[in-house]
Amino acid sequence: MCGIAGLVDRSGLAAPELLSAMLDQIYHRGPDGEGSFVCPEQSFAVGMRRLSIVDLQSGDQPIWNETYDVGIVFNGEIYNYKELTCRLEERGHVFRTRSDTEVLVHLYEEYGRYMVQHLRGMFAFCVFDLRSRTLFLARDHFGQKPLYYTKQEGKFAFASEISALRAVPWVDFTIDHEAFLDYTCWLSLPPPRTHYRKILKLSPGCWAQLSLDSCELKISRYWQFGQGLAVDLLDERAAISQLDTVLGQSISMHLRADVPVGVLLSSGLDSFAILNYAQEIVRGSISTFSVGFDSSDSELNGAALVAGQSKSQHHALKLNERQFADNLDRVLRHLGEPIGDPACFAVLLLCELARNHVKVLLSGEGSDELFAGYEGRYLGAMSTLDRSETLRVLARVLPSASSPWESSRWQRLLARVHSSSGQEFVNLRSEGFPGDVRQPRGHSKDQRSMLFSRSAEISEQMFRHYPDRLSSLLAFDMEWQLPESLLQKADKMSMGASVELRAPFLDVEVAGIAARIPSELKLPRSGPGKRVLRHLLKQRFPDRYVPQVKKGFPIPLREWMTGPLREQVEDELFSSRSAVLDHLDSKLLRKAWHDLLNGWGGVGVFYSLWLYEKWIKEQQRRASADAPKSAVATAR
């Protein structure tokens with residue numbers, strides 16, 4: 001586990017100094033060591049910061065093939081590296097280390113870019129092929145590891161975090177104010193977009209190849225959830241049996257490490273599964289870590305119950321509103337751009353606590369998207385989409401509408417008639433503004449119309465039609481919410497604490513089984529969700545209490561932001577200094593805040609706006625600080 005960075009500059013700008021500065025920005029991702037390779041002949045430099053997890057003595061990067069003409073820098077873990085090592089050694093490859101990184105070099109030699117089809121793991125890496133004068137970059141199937149890049153004529157740079165790109169003087173950090181509109185509606189940005197116009201994310205399940213001669217960049221997708229798999233596990237007993245096998249295998253592989261491993265424990269089904277499987281595998285006590293708050297629905301009591309019956313070495317952290325507010329700047333620094341998930345601070349502080357005991361944590365990310373854990377969201381969306389299908393037969397005879405977010409009932413009906421099911425679901429997935437269609441909150445009419453067009457674009461880009469509706473909804477969440485919100489939080493906050501976070505459910509073999517299970521075995525129309533996983537755990541651990549109700553992660557955000565933090569929030573969002581007010585309808589926004597104070601409307605969007613306000617102020621401070629430097633450079 002580490003952070004990687006690199007740049008290509010055919011003008012020959014001082015690469016070693018710039019690379020060193022890039023790596024300094026991501027020191028927290030790898031405080032155990034640093035490695036780099038500078039190639040003036042081919043005008044590129046790559047490097048990494050290392051968090052030592054596997055092969056502590058000889059796993060330093062870059063790592064090369066036998067002839068030193070193919071090398072790699074790598075962020076992540078390849079969990080099936082032992083099996084791959086044996087296979088490659090049988091084919092004549094010679095290994096110098098016991099690290100999972102070296103497997104990637106030899107896989108590239110053997111299979112080229114199709115190497116990714118052999119991997120079970122989380123990764124973002126760059127292979128530098130001196131023979132073909134190319135860089136080959138890839139991001140893992142689910143997007144567990146981030147990879148940012150920017151390109152202009154003759155120049156290219158990439159890094160695990162946006163902050164590393166700030167060390168490169170030619171990188172354009174112009175803010176994309178149009179992205180703000182997406183953010184206020186969906187609270188995160190669909191890939192490959194970021195809040196900077198010229199900086200992009202490599203999408204999950206994609207690879208990229210860069211020619212060092214022409215700086216031409218080609219990007220392709222190598223994996224999509226469920227692609228090429230038949231829904232053939234129709235019998236629940238067969239589905240349970242096969243899921244039991246692959247999930248146990250995945251958790252066993254995720255436990256591979258030369259350092260202590262613990263479990264992030266909530267009161268839910270997913271961490272219960274990971275902890276109980278893990279205890280069978282290691283046959284000893286495991287450290288567990290939980291976080292919660294002073295509220296009636298806190299996860300702490302349920303987590304303590306699971307920990308008690310498993311006899312783990314349990315550590316609990318209770319947080320309050322002051323810790324929440326005091327850590328927002330740190331959260332932003334690690335995120336690099338706003339993402340509207342208020343749980344970030346809790347993950348960061350919990351990982352810092354865990355770092356005193358372990359270096360690796362297992363977590364339950366991905367289970368909800370694979371096995372339909374968000375039952376209320378999916379059942380509600382399917383019911384709405386089913387009703388809309390009966391109306392779409394009228395699309396040929398009725399006029400179009402500009403937006404589904406209008407006060408006119410007739411306009412809203414027309415919007416439903418003329419929307420595809422994918423576009424309607426994108427609109428249903430709005431967690432921020434516009435809010436209630438009968439009472440728009442922060443956007444002007446023109447902005448609501450623009451968002452309607454954007455939802456059509458996003459649907460075209462990301463929504464895929466499966467044989468049944470639930471599978472389409474799950475796949476959509478795996479394309480967007482999972483990698484660009486939940487996994488960004490998991491990666492950036494854990495790495496901010498120099499801890500590796502692993503997600504055993506996010507394994508290609510587990511996902512393959514999930515794709516083969518019919519939707520009715522995941523989420524019956526009467527609920528609850530994750531039926532097949534729930535039934536597996538009841539059979540597998542009959543003497544344990546299996547958690548029943550999904551609670552999410554209940555943060556008392558409304559209580560905090562409308563109570564002890566109200567003055568601070570209002571000062572930053574609604575004062576004359578507010579940048580957010582420049583981009584939204586200030587009257588509607590103030591009314592929405594007033595409604596929130598009176599108990600109506602969602603609080604999540606106001607957290608997201610508060611975070612954005614802090615971020616935009618930091619961008620303004622950076623621009624002011626950089627202006628004198630630019631003036632001096634121009635004068636010279």
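Each residue takes its place number in the sequence, starting with 1. Note that these values count all heavy atoms, side chains included, but never hydrogens, waters or copies made by symmetry.
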Any donor-acceptor pair under 3.5 Å from Asp140 side chain to Gln144 backbone: yes
Can you tell me if Tyr374 and Glu369 form a side-chain donor-acceptor pair at under 3.5 Å? yes
Sequence neighbours excluded, the answer for ring pair (Phe, Tyr, Trp, His ring centres under 6.0 Å) partners of Phe371 is none
Got a sec, which residues hit side-chain hydrogen bond (donor to acceptor under 3.5 Å, both in side chains) with Lys359, two or more places apart in sequence or on another chain? Asp32
Gap between atom NE2 of His118 and atom CD1 of Ile78 - 0.5 Å precision: 12.5 Å
Should the ring pair Phe156 and Phe158 be called parallel, tilted or perpendicular, given that the plane angle runs from 0 to 90° and is split at 30 and 60? tilted
So, Asp244 side chain and Ile240 main chain: donor-acceptor pair closer than 3.5 Å or not? no
Is it the case that the side chain of Ser494 and the backbone of Ala490 share a donor-acceptor pair, with hydrogens and angles ignored and the cut-off at 3.5 Å? yes
Does anything in residues 35-46 pair up under side-chain hydrogen bond (donor to acceptor under 3.5 Å, both in side chains), and if so which pairs, sequence neighbours excluded? none
Side chain to side chain donor-acceptor pair (under 3.5 Å), that's the test. Do Ser485 and Ser188 meet it? Break it down for me. CA-CA 6 Å; Ser485 180; Ser188 66; 4.9 Å; no
Is it the case that the side chains of Ser271 and Ser266 hold a donor-acceptor pair, with the cut-off being a distance below 3.5 Å and no angle test? yes
Taking the side chain from Ser498 and the backbone from His28, do they hold a donor-acceptor pair closer than 3.5 Å? yes
The side-chain contact (heavy atoms from CB on, under 4.5 Å) partners of Tyr222 (sequence neighbours excluded) come to Val116, Phe123, His141, Trp207
Would you please classify the geometry between the Phe272 ring and the Phe541 ring as parallel, tilted or perpendicular, with 30° and 60° separating the classes? perpendicular
Please check this pair: side chain of Arg139 against backbone of Leu202, looking for a donor-acceptor N/O pair closer than 3.5 Å. yes
Can you tell me how far the CE atom of Met495 sits from the CG atom of Leu348, to the nearest 0.5 Å? 12.5 Å
With sequence neighbours left out, what residues match Glu460 under side-chain contact (heavy atoms from CB on, under 4.5 Å)? none
Using modelled atom types only, decide if a donor and an acceptor are shared between the side chain of Ser472 and the backbone of Arg464 within a distance under 3.5 Å. yes
Could you check whether Glu484 pairs with Lys201 (Lys NZ or Arg NE/NH1/NH2 to Asp/Glu carboxylate O, under 4.0 Å)? yes
Inter- and intrachain pairs under ring pair (Phe, Tyr, Trp, His ring centres under 6.0 Å), touching residues 496-521, at least two apart: none
For Asp270, is there any backbone N or O sitting under 3.5 Å from a side-chain donor or acceptor partner on Ser367? no
So, Tyr108 and Asn65: side-chain donor and acceptor under 3.5 Å apart, yes or no? no
So, Thr245 side chain and Ser241 main chain: donor-acceptor pair closer than 3.5 Å or not? yes
Dump the intermediate steps for side-chain contact (heavy atoms from CB on, under 4.5 Å) on Trp186 and Val426, then the final yes or no. CA-CA 9 Å; Trp186 293 288; Val426 173; 3.6 Å; yes
Tell me, with the steps shown, if Arg377 and Asp368 meet salt bridge (charged side-chain N to carboxylate O under 4.0 Å, His left out). CA-CA 11 Å; Arg377 173 197 300 173; Asp368 289 312; over 6 Å; no
Rounded to the nearest 0.5 Å, what separation is found between the CG atom of Asp477 and the CZ atom of Arg429? 4.5 Å
Go through the steps to decide whether Phe95 and His93 satisfy the test ring pair (Phe, Tyr, Trp, His ring centres under 6.0 Å), and finish with yes or no. CA-CA 7 Å; Phe95 283 73; His93 293 270; 7.3 Å; no
Run the side-chain contact (heavy atoms from CB on, under 4.5 Å) check on Phe289 and Val263 step by step: do they pass? CA-CA 6 Å; Phe289 304 88; Val263 174; over 6 Å; no
Hey, can you tell me if Trp64 and Tyr68 have their rings parallel, tilted or perpendicular (30° and 60° cut-offs)? tilted
Side chain of Asn75, backbone of Gly3: donor and acceptor closer than 3.5 Å? no
Taking Gln279 for the side chain and Ser310 for the main chain, is one N or O donor matched with an acceptor at less than 3.5 Å? yes
